[in-house]
Amino acid sequence: MRVLTTIGETRAALDVARAGGASVGLVPTMGYLHAGHRSLIDRSVAEQSLTAMTIFVNPLQFGASEDLSSYPRDLDADLAMAEAAGVDVVLHPSVEEMYPQPILTSVAVADVSTPMEGASRPTHFVGVATVVAKLFNIAGPCTAYFGEKDWQQLAVVRRMASDLSFPVAVVGCPTVREPDGLALSSRNAYLTPEERAAAPVLHWSLVAGAAAIAAGERDAKRVRELIADLVQAEPLAQLDYAEVVDAATLQEVDPLAGSLRLLVAARFGRARLIDNQGATVVAGSGEAAPTEQGAPG
Ligand code: AMP
């Protein structure tokens with residue numbers, strides 16, 4: 001495994017690999033790797049001849065009052081996991097390498113970025129889209145693997161790649177969970193034991209919302225309220241939002257129809273956690289099925 005710190009070396013390594021006939025998989029991360037990241041790496045290693053992972057805590061996507069300085073980091077453990085998983089190239093650049101001068105050019109993906117995470121974290125998705133655009137330009141033609149855990153991010157990245165004709169196929173990978181339903185997240189490290197015990201309420205409230213849709217509920221407001229009430233019944237949770245939206249556009253749908261995504265965000269002490277769940281209303285039928293698979297189009 002090669003561990004690189006510069007854009008130039010990484011671009012050269014991947015260009016040489018492609019020239020030799022390799023297909024390139026790209027797994028962008030902020031490090032502090034867990035089994036969710038590992039699932040993305042495993043998929044890339046299975047599908048591509050070379051896997052490149054990036055580890056970069058991107059200041060641009062953190063708000064002024066957010067956890068940039070305290071974001072958990074463990075480069076040695078990350079490199080050990082990456083090597084064991086079969087990663088070929090790691091790019092771990094400094095902030096100066098990625099942003100040698102103040103950014104005057106940024107990428108904003110309208111509409112998909114606006115609700116939910118975009119409303120709560122107004123500069124977040126410009127930061128995400130801009131760094132992912134840079135990583136796509138550094139990596140060159142490749143298949144990039146992102147987690148469905150960050151559903152809105154996946155939708156933003158897909159739309160950016162399509163709108164700007166990046167030579168990158170974006171693949172969404174299912175959310176990896178703890179046995180009690182909590183989605184794996186680097187930010188779970190912030191949870192006290194009591195908060196950790198309470199946090200699976202996010203998943204189970206979404207499962208209940210999807211079950212209500214499967215049972216015939218078509219009123220978006222009632223589904224939102226069902227999820228919100230379940231989260232708010234947990235004293236350690238401070239709800240940020242509970243939404244049910246079109247899975248691809250992230251816009252409201254009422255009455256509920258088509259491919260839907262239920263999304264929730266809440267704070268547990270220091271940790272702000274997000275989760276989501278799919279549901280599909282089949283046209284012309286009273287039937288609906290909760291879905292975990294399927295990516296925004
Ligand atoms: P992060 O390091 O949090 O920026 O995440 C890097 C990538 O891993 C993103 O594409 C995330 O969506 C993905 N990811 C994070 N947690 C999970 C999880 N529990 N299951 C699947 N993918 C995940």
Side-chain angles (χ1 to χ4, degrees), residues 25-46 51-62 66-68 70-75 77-79 81-82 85 87 90-93 98 112 116-117 121 124-125 127-136 139 142-161 168-191 196 199-200 202-203 206 250 261 263-265 271-278 292-296:
L26 177 70
V27 181
T29 81
M30 297 203 300
Y32 211 67
L33 303 181
H34 52 62
H37 300 108
R38 173 74 194 243
S39 73
L40 273 48
I41 297 170
D42 288 347
R43 177 99 177 253
S44 174
V45 168
T51 292
M53 183 177 71
T54 64
I55 300 176
F56 180 60
V57 181
N58 173 36
L60 224 54
Q61 71 192 66
F62 287 76
E66 293 182 0
D67 57 344
L68 172 63
S70 62
Y71 193 83
R73 299 163 207 239
D74 189 343
L75 183 61
D78 289 351
L79 295 179
M81 186 208 261
V87 170
V90 175
L91 170 62
H92 176 245
M98 289 293 277
V112 185
M116 297 177 290
E117 288 305 286
R121 309 178 69 191
H124 176 63
F125 284 125
V128 169
T130 301
V131 80
V132 172
K134 283 174 72 81
L135 295 173
F136 284 1
C142 65
T143 301
Y145 296 85
F146 288 84
E148 291 183 355
K149 152 75 171 36
D150 300 283
W151 185 266
Q152 193 174 6
Q153 168 175 281
L154 174 58
V156 166
V157 168
R158 270 187 193 289
R159 187 58 190 249
M160 178 193 77
V168 177
V170 177
V171 172
C173 302
T175 301
V176 176
R177 300 181 180 282
E178 301 282 6
D180 64 3
L182 177 64
L184 296 189
S185 165
S186 305
R187 289 191 169 99
N188 292 350
Y190 298 149
L191 297 169
R196 169 65 190 81
L202 295 183
H203 174 58
L206 293 168
L250 286 275
R261 209 74 191 176
L263 302 98
V264 70
R272 183 177 178 282
L273 303 182
I274 59 174
D275 202 349
N276 67 86
Q277 161 86 34
E292 185 65 31
Q293 300 284 346

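Just follow the structure's listing: the first ligand is 1, and inside any ligand the first atom is 1.
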- Query: Taking Asp275 for the side chain and Val264 for the main chain, is one N or O donor matched with an acceptor at less than 3.5 Å?
  - Reply: no

- Message: Using a 4.0 Å heavy-atom cut-off, which part of Glu148 comes near ligand 1: side chain, backbone, both, or neither?
- Response: neither

- State if Pro174 counts as touching ligand 1 under the rule of any non-hydrogen atom under 4.0 Å. yes

- Query: So, does Lys149 use its side chain to make a donor-acceptor pair with the main chain of Gly36 at under 3.5 Å?
  - Reply: no

- Message: So does Leu184 get a backbone contact from the side chain of Glu178, meaning a donor-acceptor N/O pair under 3.5 Å?
- Response: no

- Query: With a cut-off of 4.0 Å, which atoms of ligand 1 are near a heavy atom of Leu40?
  - Reply: 7 (C), 8 (O), 10 (O), 13 (C), 22 (N)

- Region of Pro28 that comes within reach of ligand 1 [heavy atoms, distance under 4.0 Å]: backbone

- Query: For ligand 1, which atoms sit closer than 4.0 Å to a heavy atom of Val176?
  - Reply: 18 (C), 19 (N), 20 (N), 21 (C)

- Message: So, using side chain to side chain donor-acceptor pair (under 3.5 Å) as the criterion, who are the partners of Arg272 when residues are at least two apart?
- Response: Glu117, Asp240

- Message: Taking Tyr32's backbone N and O only, do any of them form a donor-acceptor pair with Asp74's side chain (distance below 3.5 Å, no angle check)?
- Response: no

- Note on the structure: Residue, atom and distance of the protein heavy atom nearest atom 3 (O) of ligand 1 read Tyr71 OH, 3.9 Å

- Mark yes or no for whether Asn276, through its side chain, and Arg261, through its backbone, hold a donor-acceptor pair below 3.5 Å. no

- Task: Classify the contact between Met30 and ligand 1 as side chain, backbone, both or neither, using a heavy-atom distance cut-off of under 4.0 Å.
- Result: both

- Keeping the roles fixed (side chain from Asp150, backbone from Gln153), state whether a donor-acceptor pair exists under 3.5 Å. no

- Task: Starting from atom 5 (O) of ligand 1, locate the nearest protein heavy atom and write down its residue, its atom name and how far away it is, to 0.1 Å.
- Result: His37 NE2, 3.4 Å

- The protein heavy atom nearest to atom 11 (C) of ligand 1 is Asp150 OD2, 3.1 Å

- Heavy-atom check, side chain of Thr130 versus side chain of Met160, under 4.5 Å: no

- Item | Contacts of type side chain to side chain donor-acceptor pair (under 3.5 Å), residue Asp180, not counting sequence neighbours | Arg196

- Message: If the cut-off is 4.0 Å to any non-hydrogen atom of Gly147, which atoms of ligand 1 fall inside it?
- Response: 9 (C), 10 (O), 11 (C), 12 (O), 13 (C), 22 (N)

- Which atoms of ligand 1 are found less than 4.0 Å from any heavy atom of Leu184? 16 (N), 17 (C), 18 (C), 19 (N)

- Item | Contact atoms of ligand 1, heavy-atom distance to His34 under 4.0 Å | 15 (C), 16 (N), 17 (C)

- Message: Please list, in number order, the atoms of ligand 1 under 4.0 Å from a heavy atom of Phe146.
- Response: 10 (O)

- Can you tell me the protein heavy atom closest to atom 23 (C) of ligand 1 and the distance? Lys149 CB, 3.9 Å

